[in-house]
Amino acid sequence: MRQNISETATSFLRCLEAHDLAGCRSMCTGGATVWQNDGQGVRAIDATLQQFEAFAADVDALRYDIIRQFQNANEVFQQQVLHLRMADGSDSKVHAAVCFRFEGGGLIDRIEECIYPVPTAEAP
């Protein structure tokens, strides 16, 4: 039975958590692209996964929490938080709004990710 696209978007993140980049790639079309608000423009999914692999080399653990998720016929939009435990023992969080666009066969064809800062509460 085929997964619905919300489940596929979640499975993509679970594969990232497990450093299963081949699993991530298998969920995407051949021409899948990624846009992030980092000023680098649109990149091929393969380049993005290579960049993630280099980033994850300094990470001891990572976990995605999906805060909200909405679906229409061919897109999943979600708000998520990436929790990181770095090799030096420090922790950090990366908040993002992400849109996964799907093409025929339920494969991811485009990912748009907007990372945004969330102010921390200051101690009185």
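Residue numbers run from 1 in the order of the sequence given.
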Please say yes or no: joined through hydrophobic side-chain contacts below 4.5 Å, possibly via intermediate residues, are Met86 and Val81 part of one cluster? no

Pairwise distance CD(Gln80) to NE2(His95) - rounded to 0.5 angstrom: 11.0 Å

Distance-only donor-acceptor hits, side chain of residues 57-67, under 3.5 Å, sequence neighbours excluded:
{"unit_1": "Arg63", "atom_1": "NH1", "unit_2": "Asp65", "atom_2": "OD1", "d": "2.7"}
{"unit_1": "Arg63", "atom_1": "NH1", "unit_2": "Asp65", "atom_2": "OD2", "d": "2.7"}
{"unit_1": "Asp65", "atom_1": "OD2", "unit_2": "His83", "atom_2": "NE2", "d": "2.8"}

Under 4.5 Å between any side-chain heavy atoms of Leu13 and Gln78, yes or no? yes

At what distance, to the nearest 0.5 angstrom, does CD1 of Ile45 lie from CD of Gln50? 11.0 Å

Listed once per pair and sorted, the salt bridge (Lys or Arg N to Asp or Glu O under 4.0 Å) pairs that draw on residues 86-100, sequence neighbours left out: Arg85-Asp91

Where is the tightest heavy-atom contact between Cys15 and Cys24, given as atom of each residue plus distance? CB-SG, 3.5 Å

N/O donor to acceptor pairs below 3.5 angstrom from side-chain atoms of residues 35-42, sequence neighbours left out:
{"unit_1": "Gln36", "atom_1": "OE1", "unit_2": "Arg43", "atom_2": "NH2", "d": "2.4"}
{"unit_1": "Gln36", "atom_1": "NE2", "unit_2": "Glu113", "atom_2": "OE1", "d": "2.5"}
{"unit_1": "Asn37", "atom_1": "OD1", "unit_2": "Ile115", "atom_2": "N", "d": "2.9"}
{"unit_1": "Asn37", "atom_1": "ND2", "unit_2": "Ile115", "atom_2": "O", "d": "3.0"}
{"unit_1": "Asp38", "atom_1": "OD1", "unit_2": "Gln40", "atom_2": "N", "d": "3.0"}
{"unit_1": "Asp38", "atom_1": "OD2", "unit_2": "Arg43", "atom_2": "NH1", "d": "3.4"}
{"unit_1": "Gln40", "atom_1": "OE1", "unit_2": "Arg43", "atom_2": "NH1", "d": "3.2"}

Phe52, Val94: one ILVMFWY side-chain cluster at the under-4.5 Å cut-off? yes

Once you measure the plane-to-plane angle for Phe100 and Phe12, does it fall in the parallel (<30°), tilted (30-60°) or perpendicular (>60°) bin? perpendicular

Should Leu49 and Leu16 count as side-chain neighbours, where that means a heavy-atom distance under 4.5 Å? yes

Heavy-atom closest pair, residues Asn72 and Asn74: OD1-N, 3.0 Å

Strictly by salt bridge (Lys or Arg N to Asp or Glu O under 4.0 Å), give each pair with a member in residues 45-57 just once, sequence neighbours left out. Arg25-Asp46

Group every Ile, Leu, Val, Met, Phe, Trp and Tyr by side-chain heavy-atom contacts under 4.5 Å, then state whether Ile111 and Leu107 land in the same group. no

Can you run down the salt bridge (Lys or Arg N to Asp or Glu O under 4.0 Å) pairs that involve residues 68-84, sequence neighbours left out, and say none if there aren't any? none

For the atom pair CD (Gln69) and CD (Glu7), what is the distance rounded to the nearest 0.5 Å? 9.0 Å

Considering all heavy atoms, the nearest Phe102-Val76 contact: CE1-CG2, 3.9 Å

My understanding is that only residues two or more places apart in sequence, or in another chain, count here; which of them pass salt bridge (Lys or Arg N to Asp or Glu O under 4.0 Å) with Glu103? Arg101

If you measure from OG on Ser92 to CG on Leu82, what distance do you get to the nearest 0.5 Å? 7.5 Å

In the single-linkage hydrophobic clustering (I, L, V, M, F, W, Y; side-chain heavy atoms under 4.5 Å), do Val98 and Phe70 co-cluster? no

